[in-house]
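Taking it in order: structure first as structure tokens, then the write-up.
Since the model is a prediction, treat every value here as computed from it, not as a measurement.
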Amino acid sequence: MDKQKLKPISGFPEWLPEFRLIEQRWIDTIRQVFESYGYASIETRAVEPVDVLLKQGDTDKEIYAIGRLFEDRPDAKPEYALHYDMTVPLARFVAAHLNDLVFPVKRYQIQKAWRGERPQEGRFREFYQCDIDVIDRREIPLHFDAEMPAIMTEVLDRLQVGAVVTKVNNRKILEGFYRGLGIEQANEVIRIVDKLDKIGASGVARLLTDELAVPADRIAKILALAEIKGRDDSVIGRAKALGVSSPLLDQGLDELAFVLRELGTQVGRGYVADLSVARGLAYYTGTVYEAKFVDWPDYPTICGGGRYDNLVGSLINQRLPGIGISIGLTRIFAKLVKEGRLKPGRKAPTDVLVALVPGNDYATAKATARTLRERGIRTEQYHEERKLDQQLRYAAAKGIRYVWFPPATAGAPHEVKDLDSGKQGPADPRDWRPSL
RNA sequence: GCGGGAGUAGCUCAGGUGGUUAGAGCGCCAGAUUGUGGAUCUGGAUGUCGUGGGUUCGAGUCCCAUCUCUCGCCCCA
């Protein structure tokens, strides 16, 4: 046998039952929170036309094209590819169903996404993303800019993922500031400033010089802006004090001030305005978010999102603004598993194992199991007449708490053993309940 | 896609300068006076030493290629 085939494929995580159980609980919780705010679920197909996926970003090398759908035409270019996020499919979905959707569209999507990047810690090629977005035909009220991180924070709290800090910024501040400095390549500057965490101020300065030939005095201003962090209006004051101005900058600062005030009352903790946050994605145009583990600042972003003015414009002749946020479920989950912060769940959902007792017939065991199951108790049968030693060991290994012994002789009582306490006693399958 | 590191039993790894039937721990299986687990003890199975080629009387150990994993870059949840 080729053992290579048994090895994991890098970037495509798989969990044992005891962790998958927890992942499913997480998904349940996320759904509940999303729905508690009135967001509706959709699921979009795994595949999108390549040109739809590539419209918004130039990430052509990151998508997985589908071979099957174009292989019959030699030297044809791939037509379809797996989606690499949920935002672009959402835009396509909304554009395709304009007449059937009620605006503002508020939807969530918990699905896998695929990216062809090189795996690293926290970076996968197949992963769950939990997206929540609002799309409207008119301007979206700024209140949503605060609701997004509020929902996200509530989710992370309920999942007990540990301390997380959500950094908030506004792209209008960055673009307006750079424009005020007379810099036209705002997106390029943003891309480089986004690396501040990673390569430091000197690294950013070097790239701005080498790649974009930004003059030193402006680099100083850019870095000064990026260093501003805080949770109250002083952030706005410090930005203004840098002496740069443009209408866009002022608008961005006003928006950020509003969002900060709202967050103060809605969330109250775990967030900070950080004017260095940019988000790589080019389509963001206003508020942007980025959440990180407090304990592992070098671990990649675990949630991200923001406001975009026009995501469907390339698909239809309308401008539909939106705002959304994405929770990197796999990224968060994998880290907590790796760090041992997540205790594995049970290896089986079973509440009761009905043993096959020598001397007892299979039919009785089967009837007992059915009775328990009909009463909502998750029950499995041991289908092989092996030594009780084996059967008990099986239950213990799978984390099944109760082992049920049907009567060995007619008229004798049923017995159930609690493996946690080791105690065993008579019980009636018609009214026995597992204790919680 | 580019650069660095690694690849020996299911898992974690040991195997000075090439030399007879390749090891440990954990796990697994079976027992410990005839039907009750998690402890302990005893015994047992398991590897074409990632793959292909080369050097050599002889290679897990040297050389080349290749694949995979891993770290960094790009990019991002």
Counting any heavy atom closer than 4.0 Å, what does G422(A) reach on the DNA or RNA strands: base, sugar-phosphate only, or nothing? base
Decide, applying a 5.5 Å centre-distance limit and a 30° plane-angle limit (both strict), whether F127(A) stacks on A77(B). yes
Can you list every pair that meets salt bridge (Lys or Arg N to Asp or Glu O under 4.0 Å) and has a residue in residues 406-420 of chain A, with sequence neighbours left out? R401(A)-D418(A), R401(A)-D420(A)
Pairs flagged by salt bridge (Lys or Arg N to Asp or Glu O under 4.0 Å) wherever residues 355-369 of chain A is involved - sequence neighbours left out: none
Is Y394(A) touching bases, backbone alone, or none of the nucleic acid, heavy atoms closer than 4.0 Å? nothing
With sugar-phosphate meaning primed atoms plus P, OP1 and OP2, does L329(A) contact a base, only sugar-phosphate, or nothing at under 4.0 Å between heavy atoms? nothing
Distance only, no hydrogens: is a donor on one side chain within 3.5 Å (strictly under) of an acceptor on the other, for N170(A) and Y284(A)? no
Taking the six-membered ring where the residue is Trp, are the ring centres of Y382(A) and Y394(A) under 6.0 Å apart? yes
Phosphate contact (C74(B) OP1 or OP2) by R123(A) side-chain N/O below 4.0 Å: no
Between W114(A) and F127(A), ring centroids under 6.0 Å: no
Remember a base hit wins even if backbone is also touched, and classify I302(A) as base, sugar-phosphate or nothing at under 4.0 Å, heavy atoms. sugar-phosphate
Taking it one step at a time, do R107(A) and Q109(A) satisfy side chain to side chain donor-acceptor pair (under 3.5 Å)? CA-CA 7 Å; R107(A) 83 84 179 81; Q109(A) 240 171 303; 2.5 Å; yes
Using the ring pair (Phe, Tyr, Trp, His ring centres under 6.0 Å) criterion, which residues pair with F34(A)? Sequence neighbours excluded. Y108(A)
Intra- and inter-strand pairing of RNA chain B, written as dot-bracket with Watson-Crick and G-U pairs under 3.5 Å and | for the latter, reads (((((((..((((.....[...)))).(((((.......))))).....(((((..]....))))))))))))....
Within the 4.0 Å heavy-atom criterion, would you say E121(A) contacts the bases, only the backbone, or no part of the nucleic acid? sugar-phosphate
Counting only non-hydrogen atoms, which of residues 192-213 of chain A are less than 4.0 Å from RNA chain B? K195(A), K198(A)
Which value, in whole Å, describes the distance between the C1' atoms of nucleotides G18(B) and A59(B)? 6 Å
Kindly say whether the aromatic ring centers of Y299(A) and W296(A) come within a distance under 6.0 Å. no
Taking side chain to side chain donor-acceptor pair (under 3.5 Å) as the definition, give me every residue that meets it alongside Y128(A), ordered by chain and number, with sequence neighbours left out. none
